[in-house]
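Read through the structure below, which is laid out as structure tokens, and then see the notes.
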Amino acid sequence: MIKTNKINDNIFQIRVIDQDEKNFHGCLFPVIHGTSYSCYLIIDEEITLIDTIEKKYFCEVHQEIEKILNDRTIDNIIINHVEPDHSGSFAAVMSCYPNAKIYTSKAGVKGMQEQFFKEYRYNPVGLGDNIKTGKYTLSFMETPLVHWPDNMWTYLEEEQILFSNDAFGQLLVDDVVYDSEISKDKLLDFSKEYYANIVLPNNKNVAATLTKFATTNWNIKLIAPSHGIMIKDHIDAMINQYAEFARVSLKKKAVIVYDTIWHNTETLANSFYKTLFNEGYEVKIYKLSTSRVSEVIRELIDTKLILIGTSNQNNCILPTVADFIERLKALKLENRQALVFGSYGWSPVPFNNLVNTLEQIKIEVITKPLIVCYKPKEEELLQLNNVLLDNIKEKVKI
Ligand code: FEO
């Protein structure tokens, strides 16, 4: 579905809502209701297009653009980000509007050239640069590694609109345009999942970006991201939530992730859940083979303790747990603690390997693996839960 939303007489959002999409940003991030992608058209003496959307949507998007242009042409194209969901249609757009001037960050120039858009002339821009399109002024600020090196924000001074690209995005695909149409909690919750899966490894860069942003004195009355809905009622809450995530504010919270072949590891997981809950922890528990991993990652954003359980499959951890561990590596979490648990039949080898992996990624493992052979007996459950309790009391400091 494609929708053009008129922000005012001169500014348009063209938004593709793809409810069939199973993953966001390529294969990375499983979603339940699909995704959306937006570009923006600013009509002035010169006409400016901000971002170009993924190639597969070009024909639909182009038709919408042409309706708005009404026989005029595009004079400026701003590439806020080179990732293909925002730049994929670039060559096709340029073939329709070959005289357009192109603006992108310095890293954006390199990224565009390396994505085979070599033959174009780019104008590198950054903080302190602006272009006048008539009555409007567009200013720029690089936001490196939020979440790629080339990311950039564009600010429309006269209308106080921030075109933030990936930043402040969400996977909301409701048929709504602005945050005023949904609750603040819903907006922030969707933003949290998006942040955890896309931005979290770059917390330090988020902090640096927000510090730089504070020097701009840009007043904002609308955030226009390239994913999800536009934000006008909860701008401060959204920015504050990014600042809070970037500070790594952890709670007395545990996330238990596990998978299980014959439910023995599951029995351990459920018993640990009760112990942690009774000890005052907020606890989330996920069986990986029946959970959406991007939801699990959302919960890691503010959790101190991670419990990882697996059965032993031929001296290896289960494939779903291996997938989770690879994602955990990529998240580069700080100041987290963990423990490993599970059931085995005749060899406990994979549990120690898992501990080693966690230590390599600088997650402190607070005790040796809590494991049982085959089915846990009552006395084993009691003993393992006591070990868990002793270790969290002694070692987990919030
Ligand atoms: Fe939505 Fe980093 O692209």
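Whatever order the structure lists ligands and atoms in, that order sets their numbers, starting from 1. As a basis for the values below, the full set of heavy atoms in this structure was taken, side chains included, without hydrogen atoms, waters or symmetry mates. Numbers here are sequence positions counted from 1. Being a predicted model, the structure only gives us computed values, none of them experimental.
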Legend entry - With atom 2 (Fe) of ligand 1 as the apex, the OE1/NE2 angle for Glu83 and His147 - to 10°: 100°
Legend entry - Donor-acceptor pair, side chain of Glu266 and main chain of His263, under 3.5 angstrom: no
Legend entry - atom 1 (Fe) of ligand 1 to nearest N/O/S of Asp166 less than 2.8 Å: yes
Legend entry - Contact flag His81/atom 1 (Fe) of ligand 1, N/O/S atoms, threshold under 2.8 Å: no
Legend entry - With atom 1 (Fe) of ligand 1 as the apex, the NE2/NE2 angle for His227 and His25 - to 10°: 100°
Legend entry - Side-chain (Ser87) to main-chain (Phe90) donor-acceptor, under 3.5 angstrom: no
Legend entry - Heavy-atom closest pair, residues Glu159 and Lys221: O-CE, 3.0 Å
Inset, instruction - Indicate whether any N or O donor in one side chain lies under 3.5 Å from an N or O acceptor in the other, for Asp85 and His227. - result: yes
Legend entry - For atom 1 (Fe) of ligand 1: the N/O/S atom of Asp85 at shortest distance: OD2
Inset, instruction - Might you point out which heavy atoms bring Val16 and Ile53 nearest each other, and give the distance in Å? - result: CG2-CD1, 4.2 Å
